[in-house]
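Working notes, structure below.
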Protein chains: 2
Amino acid sequence: MSPEGDGVTRWRRVADDIRSNIGDGIISDALPSELELAARYGVNRHTVRRAIAALTADGLLRVERGRGTFVNSKPQRIVYPIGSRTRFSENMLKQSLEPSGRLIKSDFVLSDLVMATLLGCRVGTRLHRLDSLSVADGIPLSRSTSYFSAERFPGIIDAYAETGSITEALRREGVVDYRRRETRLTAERISAKDAELMSCAADAVVLISKAIDVDLEGQPVQFIRTKFLADRVELVMLQN
Amino acid sequence: MSPEGDGVTRWRRVADDIRSNIGDGIISDALPSELELAARYGVNRHTVRRAIAALTADGLLRVERGRGTFVNSKPQRIVYPIGSRTRFSENMLKQSLEPSGRLIKSDFVLSDLVMATLLGCRVGTRLHRLDSLSVADGIPLSRSTSYFSAERFPGIIDAYAETGSITEALRREGVVDYRRRETRLTAERISAKDAELMSCAADAVVLISKAIDVDLEGQPVQFIRTKFLADRVELVMLQN
DNA sequence: CTCACTTGTCTAATTGTCTAGACAACTATT
DNA sequence: AATAGTTGTCTAGACAATTAGACAAGTGAG
C-alpha cells in the first residue's frame, strides 16, 4: 500500500478477526475477556471494546456486564444454488422467500472486444445495459448489471421493468429457455453507491459473479455481472 | 455500524470505489481530474490523492503530472477451475505455474454435530485438523483448513507435510481418487493473521469455499474450508 | 506566449483514532 | 461478607485522518 497504513482502523481489524474466528468455529460461546483480547491483538482495551460494540450492533455478540461477552446464534445466510439452470425467482420461492426485482438504470453501450467475444457479436454492436436489484422478502441480496444485444432483444428493458424478472423478460423476447454456460467468481469490498442501494454497512463485502447465459441453440443471450452481499448470501454448487 | 463510522477511512473507500469502477469497465482509460473526483465523492482533494496514491502503489493507476491519471493494464487473476474434480496442483500446472503447499499447523479436534453430519461420522470422533497454505510460483493464493477422520487417515498429516499435496497425501492413505460433492461460497474481509500468512494487504478480501470431497464409494473423506485471496484468484465453473 | 487545466507540495486547523490509567458497577465463588 | 474477575465510564494526551487554502510546476491548445 501507499504512504502508511491500509485505511482500515485497528478496531475494525479486530472486529473482522473475531467475526472470522466465529465463522470458523474457533470461538463458539464465550469470548476471552476484553483484557485478554487486548493483549492478544496488541491493542488497548478501548480498541477491543469498540470492535465488540460494532459486532454487538450487528447482532453477532451479546455483552453481559460482569459476566463476559458471548456469541449469539448466527443468522443463517440465504442459500443461492448455482448450476446450469440458475433462476433467482425459483431459488427464493423454494426457500419460502418472496422474490422481487427492481430496475435501477438502463442505457446503451457499444460492445468492445471483450464483450463482443463473450456475447458472440461484432465489436461496436449496440447493447442494452440493465442495472437491477434483487430482493428477497424485502431484503436486498444482490445488484446485477446485464448486457443484451439491443438488436435481438429490443424490448427487454420494458419487459424487465414490468415483470421484475429477467427470465420472464427473456421469455417475452422469444427465449423460451436458457442455461448457464460459465460462471466466474471473485470478491471485493463494496462500493459506496452499492452500499446505499442495498442498504448495508459501508464496509461490507460483495461476492462478484460474472456469467454467460446461452439459449437452447448455445447462442449467448446475456452477460451478467452480479454482486451478492456476502453476509446475506451463500452460493451453493452441487457437483454432479 | 455502532458508534459512528465503519472503521474504513474515506480515502480507502474512494480507492475501493475507483477500483470497482475500473473492474466494471466504467472507467477504462483516463480518470476524472482530482478536483472532479473530490467533488463527486464529497471529499477533499487530498483525500482523493491519497486514494490514487494507494492504487498507484498497487500498480493499477499511473499518474502523469499536468496531464491526468490513467488506468494501467490490469494484472490478470489466476484462474482456478472448480468442478467435480478439483485439484490444485493440476490446475496450476495447466497454467504453467509451479504449485506448492506448506503445512502451517495441525492438531486434533472432536467432531461436533455439524462436522459429524458433513463427514458422516459420529459426534465426538477424533479428527485431524490441517491448516495449509497453497502457493503458485511463490505467490500465496489461499489458506485452507481440512478435517479428516483420524481413525481412517492416521498418517495424513505426515503425508501432507512430505508431499505438500492433499491429493498425494490421500493417495498414500488409500484413497485412489476422490471427487467434489458440494461447494459453498461466501466472502469476507481477511483476518490479520491470514493477511500476514499470505503476505497481502491487511484490507484484502477473501473468497471462502466450504467443500466436501467424497471417495469413489461416496463416503466423505474431507471437509475443507479454503480462503482464496480475492484479488489474486478467480474461481471458474464450467456448467456442463 | 498566454491561458486553462492538470498534478505536486506546503502550512495550518479540525476531527477522529488509539493509548494509558483510574475507578465504578456487576457477577460468581468462597 | 469478602474477593477475584468481569464490563462500563471517565479523563487526558499522542498521533493519524481530513479539511481548507495557497501556490508551484507541468501539459496542451489557441
Side-chain angles (χ1 to χ4, degrees), chain A residues 1-18 22 27-72 189 192 201-203, chain B residues 1-18 22 27-72 189 192 201-203:
Chain A
M1 244 64 219
S2 65
E4 272 180 88
D6 47 33
V8 183
T9 57
R10 286 181 184 274
W11 66 263
R12 169 132 298 285
R13 272 185 279 170
V14 171
D16 288 346
D17 198 79
I18 292 173
I22 292 172
I27 302 175
S28 51
D29 185 30
L31 262 71
S33 74
E34 295 174 348
L35 276 172
E36 191 179 333
L37 285 171
R40 186 177 303 183
Y41 288 112
V43 299
N44 191 273
R45 180 174 156 237
H46 292 85
T47 307
V48 169
R49 283 177 60 74
R50 188 151 183 188
I52 289 174
L55 294 173
T56 304
D58 284 0
L60 194 66
L61 296 181
R62 159 180 40 93
V63 181
E64 297 183 21
R65 183 172 189 172
R67 289 186 14 97
T69 304
F70 304 88
V71 179
N72 276 331
R189 288 178 298 279
D203 63 315
Chain B
M1 241 62 219
S2 66
E4 270 180 90
D6 47 32
V8 182
T9 57
R10 288 181 181 275
W11 65 264
R12 170 132 299 283
R13 270 186 279 170
V14 171
D16 288 347
D17 198 78
I18 292 173
I22 292 171
I27 302 175
S28 50
D29 185 30
L31 263 70
S33 76
E34 295 173 349
L35 276 172
E36 191 179 332
L37 285 172
R40 186 178 301 183
Y41 288 112
V43 299
N44 191 273
R45 181 174 156 236
H46 292 88
T47 308
V48 170
R49 282 177 61 76
R50 186 150 184 190
I52 290 175
L55 294 172
T56 303
D58 284 359
L60 193 65
L61 297 180
R62 161 181 39 93
V63 181
E64 298 183 18
R65 182 173 189 173
R67 291 191 6 102
T69 306
F70 305 88
V71 179
N72 277 330
R189 287 180 298 277
D203 63 314

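Below, all heavy atoms of this structure are taken into account, side chains as well, without hydrogens, waters or symmetry copies. To find a chain, count down the sequence lines: A is the first, B the second, and so on, and within it residues start at 1.
Listed for the A:D203 side chain is no donor-acceptor partner under 3.5 Å among the backbone atoms of B:V8. Side chain of A:D6 to main chain of B:A201: no donor-acceptor pair is present (N/O by atom type, distance under 3.5 Å, no hydrogens or angles). Here the side chain of B:N44 pairs a donor or acceptor atom with the backbone of B:H46 at under 3.5 angstrom.
Checking C:dT6, C:dG8, D:dT9 against the side-chain heavy atoms of B:R49 singles out C:dG8 as nearest. Of all nucleotides listed (C:dT17, D:dG8, D:dT6), D:dT6 comes nearest to the side chain of A:S33.
For A:R49, the salt bridge (Lys or Arg N to Asp or Glu O under 4.0 Å) partners two or more places apart in sequence, or in a different chain, are A:E34. B:E64 is linked by a salt bridge (Lys or Arg N to Asp or Glu O under 4.0 Å) to B:R62, B:R67, counting only residues two or more places apart in sequence or in another chain. In this view, A:V71 and A:I22, A:I27, A:L31, A:L61 satisfy the side-chain contact (heavy atoms from CB on, under 4.5 Å) rule, not counting sequence neighbours. B:T9 pairs by the side-chain contact (heavy atoms from CB on, under 4.5 Å) definition with B:W11, B:R12, not counting sequence neighbours. Under the salt bridge (Lys or Arg N to Asp or Glu O under 4.0 Å) criterion, A:R40 pairs with A:E36, not counting sequence neighbours.
Note: CG (A:D6) to P (C:dC18) measures 11 Å, nearest angstrom. Rounded to an integer number of Å, the gap from B:F70 CZ to C:dT7 C1' is 11 Å. Remark: C1' of C:dC18 and CD1 of A:I52 are 16 Å apart, rounded to the nearest angstrom. Between B:R62 atom CZ and C:dT6 atom P the separation is 17 Å, expressed in whole Å. Regarding A:R50, its CZ atom lies at a distance of 7 Å from the C1' atom of C:dT17, rounded to whole Å. Following rounding to the nearest Å, A:E34 (CD) and D:dG8 (P) show an atom-to-atom distance of 6 Å. Distance B:D203 CG to D:dA17 P: 13 Å, rounded to the nearest Å. At whole-Å resolution of the value, CZ in A:R12 and C1' in C:dC18 are 16 Å apart.
The two residues A:D17 and B:A192 have their closest heavy-atom pair at OD1-N, 3.4 Å. In plain terms, the two heavy atoms of B:A15 and B:A51 that are nearest each other are N-CB, 3.6 Å.
Rounded to the nearest 0.5 Å, atoms CG (B:D16) and CZ (A:R189) are 3.5 Å apart. B:T69 contributes atom OG1, which lies 11.5 Å from atom CG of B:L60 (distance to the nearest 0.5 angstrom). Between the CD1 atom of A:I18 and the CG atom of A:L37 there is a distance of 5.0 Å, given to the nearest 0.5 Å.
Contact annotation: A:T69 reaches the phosphate of D:dT7 (side-chain N/O to OP1 or OP2, under 4.0 Å). Distances shown here put every side-chain N or O of A:T9 at or beyond 4.0 Å from the OP1 or OP2 atom of C:dG16.
Axis angle across the helix from C:dC1-D:dG30 to C:dT30-D:dA1, with five pairs used at each end and values rounded to 10°: 30°.
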Hey, what are the protein-to-nucleotides 19-21 of chain D N/O distances that come in under 3.5 Å?
| from | atom 1 | to | atom 2 | distance (Å) |
| --- | --- | --- | --- | --- |
| D:dT19 | OP2 | B:N44 | N | 2.9 |
| D:dT19 | OP2 | B:T47 | OG1 | 2.5 |
| D:dG21 | O6 | B:H46 | NE2 | 2.9 |

Between the protein and nucleotides 13-15 of chain C, which nitrogen or oxygen pairs come in under 3.5 angstrom?
none

Extract from the structure each pairing of a protein N or O with an N or O of nucleotides 26-30 of chain D at less than 3.5 Å, listing the distance.
| from | atom 1 | to | atom 2 | distance (Å) |
| --- | --- | --- | --- | --- |
| D:dG26 | N2 | B:G66 | O | 3.2 |
| D:dG28 | OP1 | B:R67 | NH1 | 2.9 |

